[in-house]
Amino acid sequence: MSTTAASTSHHLSPAFPGRAPWGTASKLRAWQQGALDKYIQEQPRDFLAVATPGAGKTTFALTLASWLLHHHVVQQVTVVAPTEHLKKQWAEAAARVGIKLDPEYSAGPLGREYHGVAVTYAGVGVRPMLHRNRIEQRKTLVILDEIHHAGDSRSWGEACLEAFEPATRRLALTGTPFRSDTNPIPFVTYEEGNDGIRRSSADYTYGYGNALADGVVRPVIFLSYSGNMRWRTKAGDEIAARLGEPMTKDAVSQAWRTALDPRGDWMPNVLRAADQRLTEVRKGIPDAGALVIASDQDSARAYAKLIREITGTKATLVLSDEAAASQRIEDFSHSDDRWMVAVRMVSEGVDVPRLAVGVYATTISTPLFFAQAVGRFVRSRRRGETASVFLPTIPMLLGFANEMEVERDHVLDKPKKDGEEENPYAEEEKLLEEAEKQQDEDTGEQDQLPFEALESDAVFDRVLYDGAEFGMQAHPGSDEEQDYLGIPGLLEPDQVQMLLQRRQAKQIAHSRKKPDAEADLLELPAERRPVVTHKELLELRKQLNSLVGAYVHQSGKPHGVIHTELRRVCGGPPSAEATAGQIRERIKKVQEWATRMR
């Protein structure tokens, strides 16, 4: 079977796919060949391929489409994409392999020169019967790109079912086969686990971890920035907090928005750092570009203005999914301009392989959106390229960054009430619903915020890479910050790890030479400064009190005496004011004492 599959790509133009991994077949990547072999062997009507953003889903799908057309299994192709920009991108990619798709199709008979159409989910939602009639007339392959979008609204899902139910073959593609809601995705198989919960079942999976090992995607270095935030609530109260400290969910949200306010100092400092990082990356990748993902149009315009002030050059501004915006993305893709600023939902439609530096400047906090956003920077063109993404020190975001290699499935059923904690997306469902309802246009939401951002500053906090954390806090512009911004842009994954360890060791050695009085920031490596949520901190305190209570019975000493002794041995304030790291050290110490007494 594999010989047959391999031969299908022989007629492809030399320029396409053009990004095969090193050491594999000249045309198809190993995973693409494997998925193609499996499809040709099984000949299924429905096939779900899950491949990490940047892995080459388009190449796989078009090679398969070419095979099915060549062998007369189908007579035409329909591609459904999330955005206008992606629809046109598909038509261009298909043309390069000799498949002509009409991206402007709206109604009536298709021109005889075309092999099919490229449409959007929204377009199918408006006229499902138009597409059903076309598909009933001729044997059709339907390619559903980023199929999780078919679950965005009940009407889109129902329209896809109505339009494509008669299709001869359906190929579903996604880089993120999970949603925070439980809307079923059409044509996806769900299997019930031992816990009674149904989860999506992929026919072929190629995750970020596998793609990284194959050199198909870039390793991602996350640079996280903390800082002091001050804002005024609707009630007129002024609140101050530091990013990364345990806070209630509302306080985290307001501190986060304060950080992203373009009038404060946090955003200018982070953009300046990201631009310095871009300069370093361009030494090894001369055409490397950077992207800011903004929450709304007003913020996007303000960030573009800041970039011009910082760099002296204009940033490409992409505000919505209009034709002009699509052309701006295209122009930026083929230029060597440094910066682009896009409003949140454009991130999935941006396919610019030269993007290597990102700034996550939106408050959307769902795993799906985060994965799609980071996916804009991981597409590798040659071995050794790295991606760098700048983040605020928000517990949820750092959690996503540390779980880049975790493969998820779409959970269709909510866990029962007593098992609520088993659902990793429970707290985010409302956030995703809200994010998906909002359009790129300015909704006036900013005018109705329950607070007013007053001031912010930025502090380099840590680097996250491959599930590990590195670095001590440093002021913007300091030599310590420059040590991390100056990491070469061309490195093998194991070299990144080694270099980060060295930079941290250098920072620690430098810190030890300075008098304690000179330390205006917390001089501890990132691994000893865990970022936890307010809820996690309460759980740690509860665990400490429980262990102390058990040790009271074992030792006969009063609670107060044990807590005082723990503070004396481990250092730090009373447990009500202690950090997560300090509480963990005390938990470890009291467990050690209890073991000795046995």
Side-chain angles (χ1 to χ4, degrees), residues 53-54 58 79 81-96 101 103-104 118-123 145-146 149 260 262 267 271 274-275 278 281-282 285-362 364 369 372-379 381 387 389-390 435 438-443:
T58 306
V79 173
T83 66
E84 289 288 323
H85 180 74
L86 274 178
K87 177 182 78 171
K88 288 169 186 167
Q89 212 163 266
W90 267 97
E92 288 165 10
R96 291 199 291 272
L101 301 178
E104 305 298 338
V119 295
T120 63
Y121 285 100
D145 184 28
E146 304 296 358
H149 283 284
L260 300 185
M267 271 307 295
L271 288 173
D275 190 64
L278 179 62
V281 169
R282 281 170 80 108
I285 313 171
D287 68 339
L291 169 67
V292 181
I293 298 172
S295 288
D296 54 68
Q297 290 197 7
D298 286 344
S299 295
R301 290 189 186 98
Y303 297 157
K305 188 181 174 189
L306 283 172
I307 288 167
R308 178 141 201 180
E309 290 168 4
I310 291 164
T311 68
T313 56
K314 192 176 178 182
T316 295
L317 192 57
V318 180
L319 295 178
S320 64
D321 196 21
E322 298 165 350
S326 188
Q327 189 58 51
R328 279 196 288 273
I329 294 170
E330 192 68 21
D331 292 345
F332 181 83
S333 181
H334 294 107
S335 74
D336 66 350
D337 293 350
R338 291 173 71 90
W339 280 94
M340 177 160 63
V341 181
V343 177
R344 51 175 178 247
M345 288 304 177
V346 178
S347 68
E348 191 174 39
V350 175
D351 185 20
V352 184
R354 69 185 189 87
L355 284 175
V357 174
V359 178
Y360 194 88
T362 173
I364 297 177
F369 186 86
Q372 286 290 356
V374 173
R376 299 315 98 206
F377 309 97
V378 302
R379 188 184 294 279
R381 298 176 299 171
V389 177
F390 288 73
Q438 293 167 335
Q439 302 301 311
D440 292 340
E441 287 73 28
D442 190 354
T443 58

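Every residue meeting the salt bridge (charged side-chain N to carboxylate O under 4.0 Å, His left out) condition with Asp287, not counting sequence neighbours, appears here in chain and number order: Arg381. Scanning for salt bridge (charged side-chain N to carboxylate O under 4.0 Å, His left out) contacts around Arg282 gives an empty result, with sequence neighbours left out. Taking the salt bridge (charged side-chain N to carboxylate O under 4.0 Å, His left out) definition, one finds that Asp337 meets it with nothing, sequence neighbours left out. By the side chain to side chain contact (heavy atoms under 4.5 Å, CB included) test, Ala290 is found to be paired with Leu278, Trp339, Val357, residues two or more places apart in sequence or in another chain being considered. Residues passing the ring pair (Phe, Tyr, Trp, His ring centres under 6.0 Å) test with Phe377: none are found, sequence neighbours excluded. Considering only residues two or more places apart in sequence or on other chains, Ala302 meets the side chain to side chain contact (heavy atoms under 4.5 Å, CB included) condition with Pro262.
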side-chain contact (heavy atoms from CB on, under 4.5 Å) between Gln89 and Thr83, intermediate numbers included: CA-CA 10 Å; Gln89 212 163 266; Thr83 66; over 6 Å; no

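Proximity of Arg376 to Val352: side-chain heavy atoms (C-beta onward) are nowhere separated by under 4.5 Å. Between Ser335 and Arg354, some side-chain heavy-atom pair lies under the 4.5 Å cut-off. The shortest distance between side-chain heavy atoms of Lys88 and Glu330 does not fall below 4.5 Å. In this structure, Ile307 and Val341 have side chains that are in contact, with non-hydrogen atoms separated by less than 4.5 Å. Taking 4.5 Å as the limit, every side-chain heavy atom of Val318 sits out of range of all side-chain heavy atoms of Phe332.
Judged purely by atom type and a 3.5 angstrom limit, Lys87 uses its side chain to pair as donor or acceptor with the backbone of Pro103. A side-chain donor-acceptor contact under 3.5 Å links Tyr303 to the backbone of Leu260. No donor-acceptor distance shorter than 3.5 angstrom exists from the side chain of Tyr360 to the backbone of Val374, with no hydrogens or angles considered.
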